[in-house]
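In what follows, a structure is listed as C-alpha cells, so that the remarks can point back to it.
Values below: every heavy atom of this structure, side chains too, minus hydrogens, waters and symmetry copies.
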Amino acid sequence: MNKVQQAAFDLIREDARFLYTISHINKNARNIKSNYIGMSYPYIGIFADGSEQWCKKVGLRFPSFNEEEKSFYAQVRQGNKLFEKSYEEYKELLLKNLDEIDRYFCSKRRWKGKFLKYYNVGTDVIGNEYCGNTILCSIYIPIKTFGNEEAELFLRDMNHIAGRLAAQFRCTELPVYKYNDNLVVEFKDYHFFKSSPLKTNTDLAFVLFSVLCSINYVTQFIENCFVDEIPQKLKYAYLQYYYLCDFIKDLNQTNRTNYYLSNHLYNRNFRNCLAHYGLGQYLNEDEIIEDDLLKGLTYKAFDKDYVTTKSELYNALNNLTDQIKQTIF
C-alpha cells in the first residue's frame with residue numbers, strides 16, 4: 001500500500017477498534033446498558049460496507065460479503081443519511097415506525113391492562129440529555145424486530161460478519177478504547193403522544209426530539225462514554241452535521257421556523273473521506289499527517305487542527321440542540 005492507502009487503512013482500523021470496544025462494553029460495562037448498540041448501527045454500517053468495498057478496490061484479500069450481507073449493510077449505512085431526506089419524508093418515516101410499534105405494544109396488553117397506559121417509545125438519558133430512542137433504532141435496523149422471533153438470530157449472524165471483518169484489520173491487537181463504565185445511562189419509557197416529555201405533542205416536536213437524540217448520541221453518549229479523544233467523536237458528529245445543514249433549512253421552510261445551524265464547516269470532500277475511506281481522491285501523500293487522529297484531513301478541508309475543528313463542530317451542534325430544547329421542553 002502507498003502512504004495514502006496506509007492512512008486509510010489506519011482510519012478503518014480505528015473504526016474496527018470502535019466496534020471492538022462496543023462489543024467489550026456490551027459484555028463488561030456495569031452501568032451502560034442503553035440502546036447504544038441500536039443507535040450505533042449506522043456507524044457500524046459505514047465501517048462494514050465501506051471497508052469491504054475499500055478492500056476490493058485496493059486488492060486486499062479480505063472476506064467479501066455474500067448478497068444477503070451486502071444488501072443488509074448497504075441498508076444499515078443509510079441510517080447515517082436520514083437527514084438527507086426532506087423534512088416531510090423524515091417525518092413520515094418516524095411516524096410510520098411509531099405507529100407500527102404503538103400497535104404492537106397496544107396489542108400486547110393483557111385484559112386488565114387494556115384500561116391502563118402502555119409505553120411505545122423507549123429513551124436513553126444521560127443526566128438530563130436524551131441520547132437515543134427506540135423509534136430511531138427501529139429505522140436503523142432494516143428488518144422488523146418487534147414480534148419477529150427470527151430477528152435476534154439474524155442480527156447476531158450479521159454482527160458476527162462485521163466482527164470478523166473488523167478482526168481482519170487487527171483491531172484486537174490494540175487495547176479497547178478506554179471507556180467510563182461508571183457512566184449512568186437511564187431508561188425512560190413514554191407513551192407518545194399521550195404521555196411524553198415534550199411540551200407540545202406535535203409531529204414537528206417529535207421530529208425535533210429525534211434530531212436531538214441523533215445529535216446527542218454522539219455529543220453526549222460517545223463524548224462522555226469514551227475517555228480518550230478518539231476519531232469517531234469528530235467523525236460521527238460531522239456526518240450528522242453535514243446532512244443537518246440542508247435538513248434544518250427545509251424544516252424551517254416547511255414549518256416557518258427559524259432554527260439556525262452554521263454551515264461554515266460544510267465540505268463535501270471531507271464528508272466523503274469520512275464516509276467512504278477514499279482518501280486518495282482528496283489527500284496527497286505529502287499532506288498525510290501520521291500522528292493526527294484524522295491523518296491531516298481537517299487541515300486540508302478547513303486549515304484547522306483536529307481539536308479546533310471538533311470544538312467548532314460541537315459548538316454548532318450544541319447551539320442547535322439548545323434551540324431545540326427551548327422549544328420542545
| query | In terms of hydrophobic clusters joined by side-chain contacts under 4.5 Å, are Val227 and Ile22 together? | reply | no
| said: I'd like to know if the side chain of Ser40 reaches the main chain of Ile37, judged simply by a donor and an acceptor atom lying under 3.5 Å from each other, with no hydrogens or angles considered. | reply: yes
| task | Give a yes or no answer on whether the side chain of Asn252 reaches the backbone of Tyr259 with a donor-acceptor pair at less than 3.5 Å. | result | yes
| query | So, Asn35 versus Thr134: side-chain donor-acceptor pair below 3.5 Å or not? | reply | no
| request: Would you tell me whether Asp10 and Gln6 have side-chain atoms, one donor and one acceptor, within less than 3.5 Å of each other? | output: yes
| request: Determine whether Pro197 and Phe192 make a side-chain contact, defined as any pair of heavy atoms from C-beta on separated by less than 4.5 Å. | output: yes
| request: Kindly determine whether Leu320 and Tyr241 satisfy side-chain contact (heavy atoms from CB on, under 4.5 Å), including the steps that lead there. | output: CA-CA 10 Å; Leu320 176 61; Tyr241 165 87; over 6 Å; no
| In the hydrophobic cluster built from side-chain contacts under 4.5 Å, what are the other members alongside Tyr299? | Ile289
| Quick one: are His276 and Arg271 in side-chain contact, heavy atoms under 4.5 Å? | yes
| Counting only N and O atoms by type, is there a donor-acceptor contact under 3.5 Å from the side chain of Asp99 to the main-chain atoms of Leu95? | no
| query | Any donor-acceptor pair under 3.5 Å linking the side chain of Thr254 with the backbone of Leu251? | reply | no
| request: If the plane angle is over 60° it's perpendicular, under 30° parallel, otherwise tilted; pick one for Tyr236 and Phe18. | output: perpendicular
| said: Do Ile12 and Met1 sit in one hydrophobic cluster, given that two such residues count as connected whenever their side-chain heavy atoms are within less than 4.5 Å of each other, even indirectly? | reply: yes
| task | Return yes when atom CG of Asn128 has more than 12 non-hydrogen atoms of other residues, nucleotides or ligands closer than 6.0 Å, and no otherwise. | result | no
| query | Between His191 and Asp102, is a side-chain contact (heavy atoms from CB on, under 4.5 Å) present by the stated rule, with each step listed? | reply | CA-CA 8 Å; His191 184 173; Asp102 177 74; 3.6 Å; yes
| Close side-chain approach of Leu274 and Leu297, heavy atoms under 4.5 Å | yes
| Tyr306: which of Lys233, Glu229, Lys295 passes side-chain hydrogen bond (donor to acceptor under 3.5 Å, both in side chains) | Glu229
| field | Test item: Ser71 side-chain N/O and Glu67 main-chain N/O as donor-acceptor pair under 3.5 Å | value | no
| request: Output yes when a side-chain donor or acceptor of Ser138 lies under 3.5 Å from a complementary backbone atom of Ile135, and no otherwise. | output: yes
| Is Tyr118 close to Cys106 at the side-chain level, that is, under 4.5 Å between some pair of heavy atoms? | yes
| Least distance between heavy atoms, Ala162 atom then Leu19 atom | CB-CD2, 4.3 Å
| Is the side chain of Glu69 donor-acceptor paired with the backbone N or O of Asn66 at a distance under 3.5 Å, no angle test? | yes
| message | I'd like to check the ring-ring contact (aromatic ring centres under 6.0 Å, His included) partners of Phe302; sequence neighbours left out, ordered by chain and number. | response | Phe270
| query | So, do Leu198 and Phe329 sit near enough that their side-chain heavy atoms are less than 4.5 Å apart? | reply | yes
| said: Aromatic contact between Tyr266 and Tyr242, with the criterion being ring centroids under 6.0 Å apart: yes or no? | reply: yes
| request: Taking all heavy atoms of Thr219 and all of Asn224, pick out the closest pair and write down the distance. | output: O-ND2, 4.4 Å
| query | Is there side-chain contact between Tyr314 and Glu223, with heavy atoms separated by less than 4.5 Å? | reply | yes
| request: Check the pair Arg17 / Arg13 against side-chain contact (heavy atoms from CB on, under 4.5 Å), numbers first and verdict last. | output: CA-CA 6 Å; Arg17 189 179 176 191; Arg13 190 185 193 190; 5.8 Å; no
| field | Contact summary for Leu265 and Tyr238, nearest pair of heavy atoms | value | O-OH, 2.6 Å
| query | Does the Gln323 side chain pair with the main chain of Tyr260, one donor and one acceptor, at a distance under 3.5 Å? | reply | yes
| task | Say whether, by atom type as modelled, one donor and one acceptor occur between the side chain of Gln253 and the main chain of Lys249 under 3.5 angstrom. | result | no
| field | Asp286 atom CG, over 12 foreign heavy atoms within 6.0 Å | value | yes
| task | Compute the centroid of each ring, for Tyr90 and then for Phe83, and state whether the two points are separated by less than 6.0 Å. | result | yes
| task | For residues Asn267 and Asn269, report the shortest heavy-atom separation together with the two atoms involved. | result | OD1-N, 3.0 Å
| request: Flag yes if more than 12 heavy atoms outside Glu285 fall under 6.0 Å of its CD atom; otherwise flag no. | output: yes
| said: Looking at every non-hydrogen atom in both residues, tell me the closest pair between Ala275 and Ile46 and how far apart they are. | reply: O-CG2, 3.6 Å
Under 3.5 Å, which donor-acceptor pairs link side chains of residues 277-284 to any protein atom two or more places apart or in another chain?
residue: Tyr277; atom: OH; partner: Asp15; partner atom: OD2; Å: 2.7

| message | I'd like to know whether Tyr140 forms a side-chain contact (heavy atoms from CB on, under 4.5 Å) with Val76, so could you lay out the CA-CA distance, the side-chain angles of the two residues, the decisive distance to 0.1 Å, and finally the verdict. | response | CA-CA 6 Å; Tyr140 292 155; Val76 166; over 6 Å; no
| said: As a test of understanding, state which of Asn180, Ile25, Leu183 forms a side-chain contact (heavy atoms from CB on, under 4.5 Å) with Phe226. | reply: Ile25
| Closest heavy-atom contact between Ala7 and Ile288? | CB-CD1, 3.8 Å
| field | Close side-chain approach of Asn319 and Asn315, heavy atoms under 4.5 Å | value | no
| Should the heavy atoms of other residues, nucleotides or ligands under 6.0 Å from NZ of Lys325 be counted, would the total exceed 12? | yes
Validation: residues 202-217 side-chain donor-acceptor distances under 3.5 Å, sequence neighbours left out:
residue: Thr202; atom: OG1; partner: Ala205; partner atom: N; Å: 3.1
residue: Ser210; atom: OG; partner: Phe206; partner atom: O; Å: 3.2
residue: Ser214; atom: OG; partner: Ser210; partner atom: O; Å: 3.0
residue: Asn216; atom: ND2; partner: Glu129; partner atom: OE1; Å: 3.4
residue: Asn216; atom: ND2; partner: Tyr130; partner atom: O; Å: 2.9
residue: Tyr217; atom: OH; partner: Tyr36; partner atom: O; Å: 2.8

| query | Within the distance-only criterion (no hydrogens, no angle test), does the side chain of Lys199 pair as donor or acceptor with the backbone N or O of Ile328 below 3.5 angstrom? | reply | no
Just distance, no hydrogens or angles: give the donor-acceptor pairs under 3.5 Å from side chains in residues 167-179, sequence neighbours left out.
residue: Tyr177; atom: OH; partner: Glu14; partner atom: O; Å: 3.2
residue: Tyr177; atom: OH; partner: Glu14; partner atom: OE1; Å: 2.5
residue: Tyr179; atom: OH; partner: His24; partner atom: ND1; Å: 2.7

| Should Leu261 and Phe247 count as side-chain neighbours, where that means a heavy-atom distance under 4.5 Å? | no
| Please, which pairs that meet salt bridge (charged side-chain N to carboxylate O under 4.0 Å, His left out) have at least one residue in residues 84-95, sequence neighbours excluded? | Lys81-Glu84, Glu88-Lys91
